[in-house]
Participant: 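Can you keep this structure in mind? I'll have questions shortly.
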Amino acid sequence: MIKNILAIAVCASLVGCGQQEAQNTSATAAPAEAKVEALTYPTTRKGDVVDTYFDTQVADPYRWLEDDMSEETAAWVKTQNEVTFDYLAQIPYREKLKERLTKLMDYEKVSAPFKEGKYTYFYKNDGLQNQYVLYRQLDDGAPEVFLDPNKFSEDGTTSLAGITFSKDGSLAAYQISEGGSDWRKVIIIDVESKAQIEDTLVDVKFSGLSWLGNQGFYYSSYDKPEGSELSAKTDQHKLYFHKLGTKQSEDKVVFGGTDAEKHRYIGGYVSEDDHYLFVSASVSTSGNKLFIKDLTKPDSTLEPVLDHTDSDTYVLDNDGSKLYLVTNLDAPNKRVVTVDAANPASSNWKDLISETDNVLNVSTGGDYIFARYMVDAISKVQQYDMSGKLVRDIELPGVGTASGFGGEKEDTTLYYSFTNYKTPGTIFTFDAEKGTSAIYKESGADFNPDNYNSEQVFYTSKDGTKVPMIITYKKGIELDGTNPTILYGYGGFNVSLTPRFSSTRAAWLEQGGIYAVANLRGGGEYGKAWHKAGTQLQKQNVFDDFIAAAEYLIDKKYTSSGKLAVNGGSNGGLLVGAVMTQRPELFKVALPAVGVLDMLRYHTFTAGAGWAYDYGTAEQSKEMFDYLKGYSPVHNVKPGVEYPATMITTGDHDDRVVPAHSFKFAAELQDKQTGTNPTLIRIETNAGHGAGTPTSKIIEQYADIYGFTLFNMGVKSL
């Protein structure tokens, strides 16, 4: 199976990925408020920076907080964290939540196995290890540790960010991320001895690795920016080939860097038979060009398959010169097409699996194609042979999310996982010939899904659009408007929120909390049209969908404004910032995480300009500037308004959505709000956008988030 390794610049923030159980305790709402000492916020200096957009002047008094290298910013971060952690320390059940989260996450977690060369590999976490360990074993041998990322750093903040094996499995290249940074290092090892065989590659970003035989591999990166590594702008992505035995400084640029058009995301991947190199090139996080090179001909050049970015198209597989492509060109819900590599233009494409009313995701394994459809965000899977003939509908264990069904052509046993919001993930084997499933590895989570309800509802947004939402809660609770509730959303970048169990979420559910996830426009749950309906001058649709979800939960007595929190990360952090400034009275607690919050300047940091497909930019037109300014959270905090109790979370090493967004938003809220609701910012040190976060930090973060939320809803004890 050929894998599309084009990195995506914006993604949902990491929410816990383990599994846990239920306990018969519940949050007790108190009529009297639990008090903490009155908050005194640090004084944040105001500068005199003013920008002019289309003859409109916009003050930016906290511009200095964008300088993440300055001593003044560091001092501000230190003082803000002191205020935040002093407040959190006064919550009487904070330690109890931490203890419970620790217990819930303390069980063995094992991934599906995969074969590379003569070894079978799998990931395992014994329980509370900060990072998963990669093991290997021979067919009849005992497992042994292959890579232990817990030994990469003393505090567990250096993580394994991906590993790729050469075709024969004798060599491997793996990426590490230090402190959550998107800048990666690449280490090349001999698989048998596990010894590093040459110098470490550095300054690799938004990249997969794709081997060409044992000669070397393709990877992608930007020129290292001048100034701050954290926030400096990166525009021109380049594809390189690293030949083993040579220095990184000698690596040749294969694509990018000289084109008149800036390609911000470039990925190169080699077909399983080493016959072709495919190059995907994008100017934003949506839409890509596609090129092909015949590697069997030394003098061949990259030829276009698609020379425009009007679609998302990638190569799924090949059988000799026959290419299998997955595309949404002229098919917003995606289709699978075939074409000959000698004449790959779209005019020659032939449908193999045609577009349907449901969004399609595709994998291959065992010489079959697996079509994984989303039906109202719920999985349906069909198996096809390579000629496009339907073999069978695959019977899944229940209603939820099935992922996997990938492997090599010769594999007869494949693996998939199944989960939903109340069901811990279980790994299944799948016999590709017989179509039968069997449990391979059950979750060790001490959690009984029978004690919980998880129901899908459809509500009406402001403009009449029907939007799905899944609501999960403990059986037996009364829908009387008193239940602590977290409403989660994302709504952007074609990202689909499908039902998945979370260890951290279980801790909320067992306290009697309700957890609701709305599938907003801007996401990918209903294809390209659903995505586009939440972009640029239609971005307000996303916020309206989220507000309507909150109103539904209140109207149906799941909760009330005084018991409702909103949560989201990255683009979801923008979502929370926008709705809390537009409808502050609707929510009691707001939890924006690693959010894009300054919509006039987001594109001036790191790879932010690549997000313009979804957002537009302030320089694009006066209409776009006015629209962005109209909802930009940093620019819509008004004096004298009582905003929800807010805890902003970010990482000091986040080089995707730089922490300046969160810093500025916190400063604006602390300066202008009225009332007694606290505004805190929790800044995780030596942490990035979320991926690779150590287990210990996840436990601490969620104990603080849930403690802050319940405390500000008036809960006195657990």
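Just so it is clear, the structure is predicted and the values come from calculations on it, not from any experiment.
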Participant: Assess whether atom CG of Asp199 is packed by more than 12 heavy atoms of other residues, nucleotides or ligands within 6.0 Å.
Facilitator: no
Participant: Return the CD1 to CG distance between Ile188 and Leu171, rounded to the nearest 0.5 Å.
Facilitator: 9.0 Å
Participant: Would Tyr613 and His531 count as a close aromatic pair, with their ring centres under 6.0 Å?
Facilitator: yes
Participant: Tell me, with the steps shown, if His603 and Tyr615 meet side-chain contact (heavy atoms from CB on, under 4.5 Å).
Facilitator: CA-CA 10 Å; His603 60 293; Tyr615 295 149; over 6 Å; no
Participant: Does Gly245 offer a backbone N or O that forms a donor-acceptor pair with the side chain of Glu198 under 3.5 Å?
Facilitator: yes
Participant: With a 4.0 Å cut-off, would you call Lys205 and Asp182 a salt bridge?
Facilitator: no
Participant: Look up atom NZ in Lys151 and atom CG in Asn130, then write down how far apart they are to the nearest 0.5 Å.
Facilitator: 14.0 Å
Participant: Is a side-chain N or O of Asp274 found less than 3.5 angstrom from the main chain of Gly213, in a donor-acceptor match?
Facilitator: yes
Participant: Checking side-chain polar atoms at under 3.5 Å, does Ser496 have a donor or acceptor matched by the opposite partner on Thr498?
Facilitator: no
Participant: Go through the steps to decide whether Asp251 and His242 satisfy the test side-chain hydrogen bond (donor to acceptor under 3.5 Å, both in side chains), and finish with yes or no.
Facilitator: CA-CA 5 Å; Asp251 291 351; His242 177 71; 2.9 Å; yes
Participant: Which residue in the set Arg184, Lys238, Lys224 passes salt bridge (charged side-chain N to carboxylate O under 4.0 Å, His left out) when paired with Asp203?
Facilitator: Lys224
Participant: When you check the gap from the basic side-chain N to the acidic O, do Glu66 and Arg63 get nearer than 4.0 Å?
Facilitator: yes
Participant: Might you point out which heavy atoms bring Gly156 and Pro694 nearest each other, and give the distance in Å?
Facilitator: O-CG, 3.1 Å
Participant: So with a 6.0 Å cut-off around CD of Glu250, is the heavy-atom count from everything else above 12?
Facilitator: yes
Participant: Any Lys/Arg nitrogen of Glu272 or Lys167 sitting under 4.0 Å from an Asp/Glu carboxylate oxygen of the other?
Facilitator: no
Participant: Please work out which of the three classes, parallel, tilted or perpendicular, describes the rings of Tyr269 and Phe278, given edges at 30° and 60°.
Facilitator: tilted
Participant: So which pairs with a foot in residues 520-532 pass salt bridge (Lys or Arg N to Asp or Glu O under 4.0 Å), sequence neighbours left out?
Facilitator: Asp312-Lys528, Asp463-Arg521, Arg521-Asp545
Participant: Under a 3.5 Å distance rule, please check whether Ser632 uses its side chain to pair with a backbone N or O of Leu628 as donor and acceptor.
Facilitator: no
Participant: Would you mind checking if Glu684 and Lys697 are paired as a salt bridge, meaning a charged N to carboxylate O distance below 4.0 Å?
Facilitator: yes
Participant: Counting distance only, does the side-chain N/O of Thr604 pair as donor-acceptor with the main-chain N or O of Arg601 below 3.5 Å?
Facilitator: yes
Participant: Calculate, to the nearest 0.5 Å, the distance between atoms CZ and OG belonging to Arg264 and Ser284 respectively.
Facilitator: 8.5 Å
Participant: Keeping the roles fixed (side chain from Thr535, backbone from Asp614), state whether a donor-acceptor pair exists under 3.5 Å.
Facilitator: no
Participant: Quick check: does any side chain N or O of Tyr132 sit under 3.5 Å from a backbone N or O of Pro149, one acting as donor and the other as acceptor?
Facilitator: no
Participant: Can you tell whether the side chains of Asp60 and Lys664 come within less than 4.0 Å, N to carboxylate O?
Facilitator: yes
Participant: Do any N or O atoms from the side chain of Thr44 and from the backbone of Ala667 form a donor-acceptor pair under 3.5 angstrom?
Facilitator: no
Participant: Looking only at atom types and distance, does a side-chain atom of Thr79 sit under 3.5 Å from a main-chain N or O of Ala75, one as donor and one as acceptor?
Facilitator: yes
Participant: Leu597 vs Ser662, test: side-chain contact (heavy atoms from CB on, under 4.5 Å). Steps then yes/no.
Facilitator: CA-CA 7 Å; Leu597 298 161; Ser662 295; 4.1 Å; yes
Participant: Has Trp64 got a side-chain atom pairing as donor or acceptor with Arg45's backbone, closer than 3.5 angstrom?
Facilitator: yes
Participant: Looking at CG of Asp652 and CG of Asp68, how far apart are the two atoms once the value is rounded to the nearest 0.5 Å?
Facilitator: 9.5 Å
Participant: At what distance, to the nearest 0.5 angstrom, does CD of Gln236 lie from NZ of Lys262?
Facilitator: 6.5 Å
Participant: Measure up the Phe663 and Trp76 rings against each other and bin them: parallel (under 30°), tilted (30 to 60°), perpendicular (over 60°).
Facilitator: tilted
Participant: Give every residue pair that meets the salt bridge (Lys or Arg N to Asp or Glu O under 4.0 Å) criterion with at least one member in residues 621-631, sequence neighbours excluded.
Facilitator: Lys622-Asp626
Participant: Between Tyr174 (side chain only) and Ile189 (backbone N and O only), is there a donor and an acceptor less than 3.5 Å apart?
Facilitator: no
Participant: Apply ring pair (Phe, Tyr, Trp, His ring centres under 6.0 Å) to Phe241 and Phe217, showing your working.
Facilitator: CA-CA 6 Å; Phe241 182 73; Phe217 53 84; 7.6 Å; no
Participant: Taking the ring of Tyr240 and the ring of Tyr218, is the distance between their centroids below 6.0 Å?
Facilitator: no
Participant: Would you tell me whether Ser280 and Asn288 have side-chain atoms, one donor and one acceptor, within less than 3.5 Å of each other?
Facilitator: yes
Participant: How would you list, by chain and number, every residue that makes a salt bridge (Lys or Arg N to Asp or Glu O under 4.0 Å) with Asp307, sequence neighbours excluded?
Facilitator: none
Participant: Rounded to the nearest 0.5 Å, how far apart are CZ of Phe206 and OG of Ser220?
Facilitator: 11.5 Å
Participant: If you measure from the Lys or Arg side-chain nitrogens to the Asp or Glu carboxylate oxygens, is any gap between Asp671 and Lys46 under 4.0 Å?
Facilitator: yes
